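Quick caveat: nothing in here was measured; it's all calculated off a predicted structure. All residue numbers refer to positions in the sequence shown, counting from 1. As the structure lists them, so they are numbered: ligands from 1, and atoms in each ligand from 1.
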Amino acid sequence: MTKSVDVLIAGAGIIGAACAWELAKAGLRVAVVEENFPACGATGASMGHIVVMDDSEPQFALTHYSQTLWEELSPSFPQNVEYDRCGTIWVAADEEEFAEVRRKAAYYRERGVVAEILDSGALREAEPQLRAPLAGGLLVPGDSVVYPPAAAAFLLKKAAEAGATLHFGRAVKILARGSARLADGTVMSAGKLVNAAGRHAGAFSTGSTVKARKGHLVITDRYPGLVRHQLVELGYLKSAHSLTSDSVAFNLQPRRTGQILIGSSRQYDVEHDGVEPVILSRMLERAFAYMPALRSCSSIRVWTGFRPATPDKLPLIGPSLEDPSLYVAAGHEGLGITTSLGTAKLICAHITGTQAEIPKDPYLPSRQMTAKVHG
Ligand SMILES: Cc1cc2nc3c(=O)[nH]c(=O)nc-3n(C[C@H](O)[C@H](O)[C@H](O)COP(=O)(O)OP(=O)(O)OC[C@H]3O[C@@H](n4cnc5c(N)ncnc54)[C@H](O)[C@@H]3O)c2cc1C
């Protein structure tokens with residue numbers, strides 16, 4: 001049995017890292033235990049788009065709150081976090097999607113988010129490489145981009161400076177009743193436990209459903225200035241909402257390095273992490289259809305990752321159902337980089353019994369139990 005801490009966190013992805021710093025800042029003795037190395041899961045495979053979303057009020061609250069936290073923190077980032085307040089343009093291909101631009105703009109503005117409607121000409125001026133004609137777009141200038149592995153490393157460094165101890169290359173086998181049993185037989189005791197194991201969270205919180213949702217990404221060589229904003233087709237919303245079929249959508253990101261990150265795909269019930277040529281070519285054809293110039297760009301790497309998804313598309317944040325010492329911080333699907341900082345604030349409020357700045361209830365893991373009882 002090693003020395004006891006106040007809080008032990010299993011998992012050093014962006015969620016575990018953010019929780020570690022927040023809890024250590026609150027004066028708690030924190031330990032982080034990671035099976036492999038930091039950001040080796042979804043965090044290291046992701047795009048790093050910090051984006052305000054409006055699928056539901058709780059999703060808006062958590063993404064908007066978190067986005068303001070990223071912005072507040074940004075002056076302290078080292079260069080390798082590659083923070084870029086490039087903004088998002090939601091691209092409308094036709095009049096139906098342009099109606100969605102107007103709805104989305106009104107929704108954001110009513111809630112204090114700056115959003116600018118671009119007509120067809122203004123969109124072309126903002127992003128000259130997009131195909132013409134397109135109906136228009138919605139510019140959300142406050143959205144940004146980070147390099148997720150460096151962001152997680154930064155949060156862990158801050159956590160360590162605030163007194164947290166970090167244990168990498170050590171798998172947690174059992175996380176329950178105030179202690180963690182590691183694969184090497186070590187038992188670490190803690191007043192509270194945080195399950196931040198991403199898509200593997202179900203192993204420790206059997207009442208929680210987190211499914212893996214595979215995604216592909218491609219990064220190009222350097223083409224500075226070719227793309228200026230994160231560009232997402234409005235049709236993306238249809239594909240992100242589908243809970244069954246495979247889908248692809250035009251989702252493009254300019255990197256500080258001049259590279260272009262091309263996404264994205266979504267697949268359920270795929271276990272293997274290999275690149276799938278059929279999905280990859282569907283995804284790239286979608287991107288070429290929106291930005292023909294991409295066809296002549298060189299790609300330098302293709303990879304896949306697994307988003308930790310819940311059935312109702314909201315993360316699980318709060319006390320677990322089965323064990324009063326155990327808290328869950330998992331299931332953030334395609335928004336976990338964005339919502340990591342808000343998640344950490346909520347977990348800290350739960351553990352310290354303090355008020356949070358946004359309501360905690362919509363994210364409670366207990367809602368999954370209620371959903372099961374009600375069929
Ligand atoms: C292709 C793709 C694109 C994405 N794009 C974006 C985006 O643009 N913006 C955005 O906000 N989000 C994006 N996401 C989503 C985001 O990456 C995830 O929601 C987020 O990284 C989840 O973080 P996490 O810490 O919960 O999980 P992970 O990063 O998977 O971390 C979990 C950690 O727990 C560790 N672990 C698991 N089991 C154990 C154990 N038994 N013992 C110890 N450690 C354990 C794992 O090794 C891992 O390091 C994307 C994801 C993918 C796949």
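Nearest heavy-atom pair, K192 versus P324, reported as atom, atom and distance to 0.1 Å: NZ-O, 4.1 Å.
For A330, the heavy-atom gap to ligand 1 stays at 4.0 angstrom or more. Distances shorter than 4.0 angstrom occur between a heavy atom of R307 and an atom of ligand 1. Distances from ligand 1 to the non-hydrogen atoms of S264 include no value under 4.0 Å.
Heavy atoms of F204 found under 4.0 angstrom from ligand 1 belong exclusively to the side chain. Under 4.0 angstrom from ligand 1, there are no non-hydrogen atoms of A10. Contact annotation: for I50 versus ligand 1, there are no heavy atoms closer than 4.0 Å.
Taking 4.0 Å as the cut-off between side-chain N and carboxylate O, E161 and K158 count as a salt-bridged pair.
Comparing heavy-atom distances from atom 17 (O) of ligand 1 across S46, G331, G13 singles out S46 as nearest.
Under a cut-off of 6.0 angstrom, the local environment of CZ in R181 is sparse, with at most 12 non-hydrogen atoms contributed by other residues, nucleotides or ligands. By the 6.0 Å contact criterion, OH on Y147 is open, its count of non-hydrogen atoms from other residues, nucleotides or ligands being 12 or less.
Looking only at heavy atoms of the protein, atom 19 (O) of ligand 1 is closest to E333 O, 2.6 Å.
Tested against E333 for a salt bridge (Lys or Arg N to Asp or Glu O under 4.0 Å), the candidates K211, R213, K313 yield a single pass: R213.
Looking at ligand 1, you won't find any N or O of F37 less than 3.5 Å from one of its N or O atoms. Considering both main-chain and side-chain atoms, R170 never comes within under 3.5 Å of ligand 1 through any nitrogen or oxygen pair.
Interatomic distance, T88 OG1 to H49 NE2, rounded to the nearest 0.5 Å: 2.5 Å.
Note on L346 and F60: separate hydrophobic clusters, where clusters join Ile, Leu, Val, Met, Phe, Trp and Tyr whose side-chain heavy atoms are under 4.5 Å apart, directly or indirectly.
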